[in-house]
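One structure is given below, represented as structure tokens, and several questions about it will come after.
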There are 4 protein chains.
Amino acid sequence: MKNSKPKYKQIIEAAVEVIAENGYHSSQVSKIAKKAGVADGTIYLYFKNKEDILVSLFQDKMGQFIEKIEQETTSRQTAEEKLLTLIQTHFKQLAADHHLAIVTQLELRQSNKELRQKINGVLKRYLNVIDSIIEEGMEEGLFRSGLDLRLVRQMIFGTLDETVTNWVMKDQRYNIEDQAEEVHSLIVHGLTHNR
Amino acid sequence: MKNSKPKYKQIIEAAVEVIAENGYHSSQVSKIAKKAGVADGTIYLYFKNKEDILVSLFQDKMGQFIEKIEQETTSRQTAEEKLLTLIQTHFKQLAADHHLAIVTQLELRQSNKELRQKINGVLKRYLNVIDSIIEEGMEEGLFRSGLDLRLVRQMIFGTLDETVTNWVMKDQRYNIEDQAEEVHSLIVHGLTHNR
Amino acid sequence: MKNSKPKYKQIIEAAVEVIAENGYHSSQVSKIAKKAGVADGTIYLYFKNKEDILVSLFQDKMGQFIEKIEQETTSRQTAEEKLLTLIQTHFKQLAADHHLAIVTQLELRQSNKELRQKINGVLKRYLNVIDSIIEEGMEEGLFRSGLDLRLVRQMIFGTLDETVTNWVMKDQRYNIEDQAEEVHSLIVHGLTHNR
Amino acid sequence: MKNSKPKYKQIIEAAVEVIAENGYHSSQVSKIAKKAGVADGTIYLYFKNKEDILVSLFQDKMGQFIEKIEQETTSRQTAEEKLLTLIQTHFKQLAADHHLAIVTQLELRQSNKELRQKINGVLKRYLNVIDSIIEEGMEEGLFRSGLDLRLVRQMIFGTLDETVTNWVMKDQRYNIEDQAEEVHSLIVHGLTHNR
DNA sequence: CATGAATGAGGGTTCATTCAT
DNA sequence: AATGAATGAACCCTCATTCAT
């Protein structure tokens, strides 16, 4: 009675698994349908086309991802603590879902420009969280005032993304959560001596 | 006198243009051949297969790219100056070749895992340059000792890559070279007050 | 009512016709699909690849061919009669299907070694029928004992095959069934006087 | 001075080797040219096209083959002896040139109908030798009069051809010359008791 | 809602042949 | 005579999407 209901979810979960296991280019709609336990045609009752599966997948998973980060960071006091929490939560969540990590860091990047732009739309919410923390830090006087918001955001996101991608490409063989503090320190203090 | 360029070069230049203009997945071998002014079959006298064009393109262009960076940085005195020069040269070169920027930042990422691994092989040389500068900075006492080389490298590369990608995705509408100093400052000093 | 034939059969029949009319090397999959009245892709729902069409065609047609020969021969009393019936049935069946005759005698021989080996596998069953008749004839005392089974089999099959091939190459302009008795006589009695 | 002369021969010998070693469909003109030690274009100074190489090869080799058979058979007294000699010489020559055996029995059969018809033109001379022996045998009273010349010719040629082909397909692992007498006996006396 | 058989467009690669040198 | 770089036509197969049931 309820098992047959959330076909939508079923299909998205299947897509994550199939893409993580087979790679983006070997993830045919029929393979996803099979893994989801539905007929090929059924996919098209829930998704406009194949790309729509991927966008929905990303929206769905990233929505939760960001929500969690929003939750965890708001409870912190200072911008510095919030930033640390953001990094820790970012790492923790991807470490907790190996399939998702592979899909977001490696496989979904192989999509075309159009799809990547939609993906960027989803990411905007995450970037806004980063922006808020930076602005708060500047207001607090903790961070230098006059920072170029866009550049800082790119530094932070670029650093996290590159860090996670390298970890995934190394088959997630080390514990990435252990590196949150050092990454945080690098971002906050840079390469030079902390006074 | 006019077509005296060796076919190999001709084809690589054509590939950059075709990919930049049409996108990775719409860049058929026949389109590249046409742009290069040669027959389809001629491509295969100079390249093993389509992937080989792309790998060669990347090796060729990145080879020059890195070489230039190596040249420019070695003439600088301190690690800090070298890092600034690296960033400036990185930005300057991509700003000077819009097509190449599109190809490396957006289109070539859509390739499959196998090709991306070959691309990473080429990038290694660039990462080594970064590593040397960091190590030099630590020896000089300019940078904190005890930095995790891999993390720092990932921060620097991730930041530059993300910065350039955003600039390309915004259709290169602003001058990225102007941002080199601020990016450098962020990396060296972090978000907090310098001293 | 009219297209009720299963697609599998439809495609095989189309393949025989197309190959007989156009020759092996001009028989593209798309041509077979068109003749069969299905889309190109449909072919691949029923056959693994192009070669599989040809192997299946041969298995299917030769299966019936040999079955018929087995049926007809078993009802005969002596080995000599069985051999005559085998020759008659062999000729009769190919005479009844001109397209098939062209395909088996001329076109399928142009296939590569791999395919020809699979074809030989199918032929084994026919060769076994011949062997049985020879052995029976020797046991009956009708044929010389001590005959080299392999050589005799090769003589019989080689003679029939060459006879049919010549008839096909002469555009099947004479009645090959009329020659069954004389061929039989040659095989059984050789060139010399029958006592 | 003389080494460079018979390019024509050089190319034909190269073709036999290349085809025997690589198979018909993997024997590109460039491969033959390389083995012959000439440039690709040079081939076309001596042969009209690729097919012409193969026809010439067959004419050349079969010319010698048949010549030898003509020589050996004429010196024999009776038709029966001549037939035995024909079989022995046929087997002996192919046994002496493994490459040629592979090419004529297996590889050249993969050619298209047109080429095979030209090949048959060359074989006519061989078939004439067979015909003469049969006619002689009938005149001598050794063979039954009233034999259908074409059928007998097909039986003899079909038997020899099938015998040799089987031997080649079994990688020439046994001595085919040893079987000449038994094959001869089968043809002359058939399956039944020799009186 | 669900199915799954059928569709058909699209592209990398080989290789016989040519021809300027 | 000889070269070999250049040509360009030709084809099998995959897979996202549809639609009759």
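By convention in this document, chain letters (A, B, ...) are assigned in the order of the sequence lines, proteins followed by strands, and residues within each chain are numbered from 1.
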- request: Just jot down the side chain to side chain donor-acceptor pair (under 3.5 Å) partners of C/Q117, sequence neighbours excluded, or say none.
  value: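 With sequence neighbours excluded, C/Q117 shows a side chain to side chain donor-acceptor pair (under 3.5 Å) to no residue whatsoever.
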
task: Please state how far atom NE2 in A/H25 lies from atom P in F/dC15, giving the value in whole angstrom units.
output: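 Distance check: A/H25 NE2 to F/dC15 P gives 11 Å.
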
query: Which residues pass the salt bridge (charged side-chain N to carboxylate O under 4.0 Å, His left out) test with D/K31, sequence neighbours left out?
result: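 Result, salt bridge (charged side-chain N to carboxylate O under 4.0 Å, His left out) vs D/K31: none returned.
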
query: Residues in side-chain contact (heavy atoms from CB on, under 4.5 Å) with B/L100, at least two apart?
result: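 Scan of B/L100 (side-chain contact (heavy atoms from CB on, under 4.5 Å), adjacent residues dropped) gives B/K61, B/D97, B/T104.
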
Distance in angstrom units between A/Q10 CD and E/dC1 C1', rounded: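 About 14 Å, once rounded to whole Å.
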
query: Under the salt bridge (charged side-chain N to carboxylate O under 4.0 Å, His left out) test, which residues partner D/D161, sequence neighbours left out?
result: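 Applying salt bridge (charged side-chain N to carboxylate O under 4.0 Å, His left out) to D/D161 gives D/R109.
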
message: Quick test of your reading: applying ring pair (Phe, Tyr, Trp, His ring centres under 6.0 Å), list the pairs with at least one residue in residues 25-61 of chain B, sequence neighbours left out, ordered by first then second residue.
response: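 Qualifying pairs, neighbours excluded: A/H25-B/H25, B/Y8-B/F47.
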
task: Name all residues meeting the salt bridge (charged side-chain N to carboxylate O under 4.0 Å, His left out) criterion together with D/K34; count only those two or more places apart in sequence or in a different chain, and write none if there are none.
output: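 Checked D/K34 against salt bridge (charged side-chain N to carboxylate O under 4.0 Å, His left out); zero matches.
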
query: Dot-bracket for DNA chain E, 5' to 3', with Watson-Crick and G-U pairs under 3.5 Å, [ ] for crossing pairs and | for other-strand pairs: what is it?
result: .||||||||||||||||||||

- request: May I have the distance from A/Y8 (atom OH) to E/dA2 (atom P), rounded to whole angstrom?
  value: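 Rounded to the whole Å, the gap is 15 Å.
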
field: Contacts of type salt bridge (charged side-chain N to carboxylate O under 4.0 Å, His left out), residue C/E51, not counting sequence neighbours
entry: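 C/E51 satisfies salt bridge (charged side-chain N to carboxylate O under 4.0 Å, His left out) with C/K118 once adjacent residues are dropped.
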
- prompt: Is there a residue in residues 52-60 of chain A whose heavy atoms reach under 4.0 Å of DNA chain F, and which residues are they?
  reply: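 When residues 52-60 of chain A is checked for heavy atoms under 4.0 Å from DNA chain F, there are no hits whatsoever.
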
Mind listing the N/O atom pairs, protein and nucleotides 6-10 of chain F, below 3.5 Å?
residue : atom : partner : partner atom : Å
F/dA6   : OP1  : B/K7    : NZ           : 3.3
F/dA6   : OP2  : B/Y46   : OH           : 2.4
F/dT7   : OP2  : B/A39   : N            : 2.9
F/dT7   : OP2  : B/T42   : OG1          : 2.3
F/dG8   : N7   : B/G41   : N            : 3.1

message: Just the rounded figure in Å: distance from C1' of E/dG12 to CD1 of B/I32.
response: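 Atom-to-atom, B/I32 to E/dG12, this comes out as 11 Å.
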
task: Could you state the atom-to-atom distance from CG of D/N112 to C1' of E/dA16 in whole Å?
output: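 Computing the D/N112:CG to E/dA16:C1' distance gives 14 Å.
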
message: Taking the nucleotide of DNA chain F with the nearest heavy atom to each, does A/S26 or A/K48 sit closer to the 5' end?
response: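 Going by which nucleotide is closer to the 5' end, it is A/S26.
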
- prompt: What's the NZ-P distance between A/K31 and F/dT14, to the nearest Å?
  reply: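 In whole Å, F/dT14 P lies 12 Å from A/K31 NZ.
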
- prompt: Is D/E21 salt-bridged to D/K35, cutoff N-O under 4.0 Å?
  reply: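 Salt bridge present between D/E21 and D/K35.
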
message: Which residues pass the side chain to side chain donor-acceptor pair (under 3.5 Å) test with B/Q64, not counting sequence neighbours?
response: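 Listed in chain order: B/D60.
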
- request: Could you name each residue pair satisfying ring pair (Phe, Tyr, Trp, His ring centres under 6.0 Å) that touches residues 100-124 of chain D, not counting sequence neighbours?
  value: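 For residues 100-124 of chain D, and leaving out neighbouring residues, there are no ring pair (Phe, Tyr, Trp, His ring centres under 6.0 Å) pairs at all.
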
- request: Output yes when a side-chain donor or acceptor of B/Q110 lies under 3.5 Å from a complementary backbone atom of B/Y24, and no otherwise.
  value: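 Side chain of B/Q110 to backbone of B/Y24, a donor-acceptor pair under 3.5 Å: no, none is there.
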
message: Go nucleotide by nucleotide along DNA chain F from the 5' end; which of A/Y44 and C/V29 gets its closest nucleotide reached first?
response: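 Nearest-nucleotide comparison on DNA chain F picks C/V29.
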
Interatomic distance where CD1 belongs to A/I11 and C1' belongs to E/dA2 [whole Å]: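 Taking CD1 of A/I11 and C1' of E/dA2, I get 11 Å after rounding.
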
task: Figure out the NZ/P separation between A/K50 and F/dT14, and round it to whole Å.
output: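 After rounding, the reported distance stands at 15 Å.
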
